[in-house]
Each structure stands twice: as C-alpha cells, then as structure tokens.
Amino acid sequence: MSEIEQLRNEFKQIQLAYALECQISHFKGGFLGRIAHELRSPLSGLVSLHQLILNDLCENPQEEREFIKAAHSCATDLLLILDEIITISKIDYGHIQPKLEIVSCKEVILELVSLTYRLAENKKISIDLSFSQDDFLVETDQQKILRALLILLETLLEEIPAGILEIVVSNDQASQSVSISFLSPYLRKFLSEPRDLMTNLSNQTLKKIGDLRLSTGARFLMAQSYLESMNCTFGVLDEGLYCLVPLHHPQFDST
C-alpha cells in the first residue's frame, strides 16, 4: 500500500469516527429533550389506552382486558427506558464503579454470540467469529463489558438486512489492548451518514408499543459510557465498530 493510499484510508477512518462522535454528541447535546422524547411514546400509549377504557369505547369486557394488558405493557416499557437512562446518568457521574477482574476474552465473546444468535438467525445473518489461537486475558468488569458489547451487537444486527457479520478479536500491540471489531459491508452507510437520532416513535401503532427500545443514539451513548468507565476505547471503522479492552499483564501481579 502506497503512502497516499494509507493516508486516504486514515482520513476515511477519521471521517467515520467524526460522524459517529457527532451522532453521540448530538444525543448528549439535547439530553433533557431526548429523554422526554424517549419517554413520550410509551406514556402517550398508556394515556390513550386509558382514555379508551374510561370513555367506554371497548366493545366488550374481553377487549377492555386487552387494552388493560396493552397499558401494562406501556408502563413496563416506560420503567425499562427510565432504568436505562438512569444507568447512563450513574455511569457518567461515576456512581457505578466497575469491578475490574481478569476475564477470558473468548469466554465473553462466546457468551455474547449465544445471547444474540436468535436475533441473527431470525434475520438470516451469519455471525462469523475470528479469534487468534491464544485466548487473551483482559482486565475488565465481565458483566459490564458483556452488557456494552451486547448493546452494540444488537444495534448493528438490527441495521443489517442479511448476510454475514464478522466479529474479529485480535491483539492491538500499539495500545496494549485486545481489539474487538464488528464488521459488515452493510454498516458502511449506516455509520457514515449523519442522522437525527431522535427517532420518531409517535407513528408506531399500539400493537408495537411492547417492542419499543431506546433510540440508536441512546444505545451508542450507553455502550460508550460502559466502555469508558472500564478504560476501554470505542471507535468506528470503514465497515463497522470496534472497542479496545486493556490486556492483563501478569508481570504486574503481586506475589
């Protein structure tokens, strides 16, 4: 590869990283407004369902019971979103401290795939794992790193129509870290195009309220908050995302 081509590739990665950072900053910049937006849809659904019941618009007791069940689903969604937002806040303010331990990177990745294989299977996506022969040991909080990677992987799987998503685990000697990359050609457009991350949920029907999730921006922010709290790095590649997890160095163990 010539020096000019290398500079072009580096410039492209900088552009993609900038676009992703803009997306996350776009979410952070209007945090209160975006919290209100995340909560508006399940709350509106809850109010609408109660209005139908209170105005005696149910055709029979069975339909009224279905509306009550849907309203309960809205309330549950509301609590889940509040829990996620509160978690973001606690991580950012340092109220949730990671419990660093020595963790097998391969073990974390295999558990990650086992938690997402059903989603990938339903979308006809094949997850291709690429490991080195050695199992890297990293210093991290196993539950939190798994949670962060799960948020990233589920978000990316939702954006891929079909095909293969590759997970590459390698040794990044420059940063003394393990690099975990999620790669697919379909992700190039998704990650490089600026977008308004305040997804409009108001047009969703009541039947879909139980499927509501945080917006893409909120999920990226949450994953980034988890990773940064464990001294990990979160970034973007030409065709995907990556994170760097600090390696464990046995020579520094106390005897």
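Scope of the values below: all heavy atoms of this structure, side chains included, with no hydrogens, waters or symmetry mates.
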Seminar exercise, completed: Rounding to 0.5 Å, atoms OG (S130) and CG (L183) come to a distance of 9.5 Å

Exercise. Ignoring hydrogens and geometry, is there a side-chain-to-backbone donor-acceptor pair from K123 to I160 under 3.5 Å?
Worked result: yes

Seminar exercise, completed: So NZ of K99 and OG1 of T140: to nearest 0.5 Å the spacing works out to 13.5 Å

For this session: Enter the distance from L146:CG to L153:CG here, rounded to the nearest 0.5 Å.
Result: 10.5 Å

Exercise. Nearest heavy-atom pair of L137 and S104: which atoms, and what distance?
Worked result: CD2-CA, 4.0 Å

Exercise. Between L227 and T233, is any pair of side-chain heavy atoms under 4.5 Å apart?
Worked result: no

Seminar exercise, completed: Closest heavy-atom pair, F182 versus L187, reported as atoms and distance to 0.1 Å, is O-CD1, 4.1 Å

Problem set entry | Spacing of E139 atom CD and L247 atom CG [to the nearest 0.5 Å] | 8.5 Å

Problem set entry | Heavy-atom side-chain proximity of Q97 to K90 below 4.5 angstrom | no

Exercise. Do you know the tightest heavy-atom contact between C74 and G45?
Worked result: SG-C, 3.9 Å

Exercise. CD1 of I4: more than 12 outside heavy atoms within 6.0 angstrom?
Worked result: no

Seminar exercise, completed: Closest heavy-atom pair, Q173 versus Q176, reported as atoms and distance to 0.1 Å, is O-NE2, 3.1 Å

Problem set entry | Shared hydrophobic cluster, V113 / L156 (ILVMFWY, side-chain heavy atoms < 4.5 Å) | yes

Problem set entry | S181 side chain near L237 side chain, heavy-atom distance below 4.5 Å | yes

Exercise. In the single-linkage hydrophobic clustering (I, L, V, M, F, W, Y; side-chain heavy atoms under 4.5 Å), do I68 and L52 co-cluster?
Worked result: yes

Problem set entry | Close side-chain approach of I109 to V169, heavy-atom, < 4.5 Å | yes

Seminar exercise, completed: Minimal heavy-atom distance between I125 and A162, with the atoms involved, is CG1-CA, 3.9 Å

Problem set entry | Approximate separation, where rounding is to 0.5 Å, of L244 CG and C232 SG | 8.0 Å

Exercise. I164, L110: one ILVMFWY side-chain cluster at the under-4.5 Å cut-off?
Worked result: no

Problem set entry | Cation-pi check, K106 onto F136 ring (under 6.0 Å, within 45° of axis) | no

Problem set entry | Any I180 side-chain heavy atom under 4.5 Å of S170 side chain | no

For this session: Give a yes or no on whether L80 and F220 share a hydrophobic cluster (residues Ile, Leu, Val, Met, Phe, Trp, Tyr; joining criterion: side-chain heavy atoms under 4.5 Å apart).
Result: no

Problem set entry | Side-chain heavy atoms of E107 within contact of V103, under 4.5 Å | no

For this session: Check the pair L157, L165 against side chain to side chain contact (heavy atoms under 4.5 Å, CB included), reporting the backbone distance first and the verdict last.
Result: CA-CA 8 Å; L157 285 172; L165 187 145; 4.2 Å; yes

For this session: Run the numbers on L150 and L115 for side chain to side chain contact (heavy atoms under 4.5 Å, CB included), then give the verdict.
Result: CA-CA 8 Å; L150 186 61; L115 292 171; 4.1 Å; yes

For this session: Supply the atom-to-atom distance E63 CD to L57 CG, rounded to the nearest 0.5 angstrom.
Result: 9.0 Å

Exercise. So, for L112 and T116, which heavy atoms are closest and what is the spacing to 0.1 Å?
Worked result: O-OG1, 3.0 Å

For this session: Determine whether L49 and L79 fall in the same hydrophobic cluster, where Ile, Leu, Val, Met, Phe, Trp and Tyr are linked whenever their side-chain heavy atoms lie under 4.5 Å apart.
Result: no

Problem set entry | Basic-acidic side-chain contact under 4.0 Å: E66, K69 | no

Exercise. Side chains of Y242 and V168: closer than 4.5 Å at any heavy-atom pair?
Worked result: no

Exercise. What do you reckon, is CD of Q143 surrounded by more than 12 foreign heavy atoms closer than 6.0 Å?
Worked result: no

Exercise. Do S177 and D172 have side-chain N/O donor and acceptor atoms under 3.5 Å apart?
Worked result: no

Problem set entry | V138 side chain near P246 side chain, heavy-atom distance below 4.5 Å | no

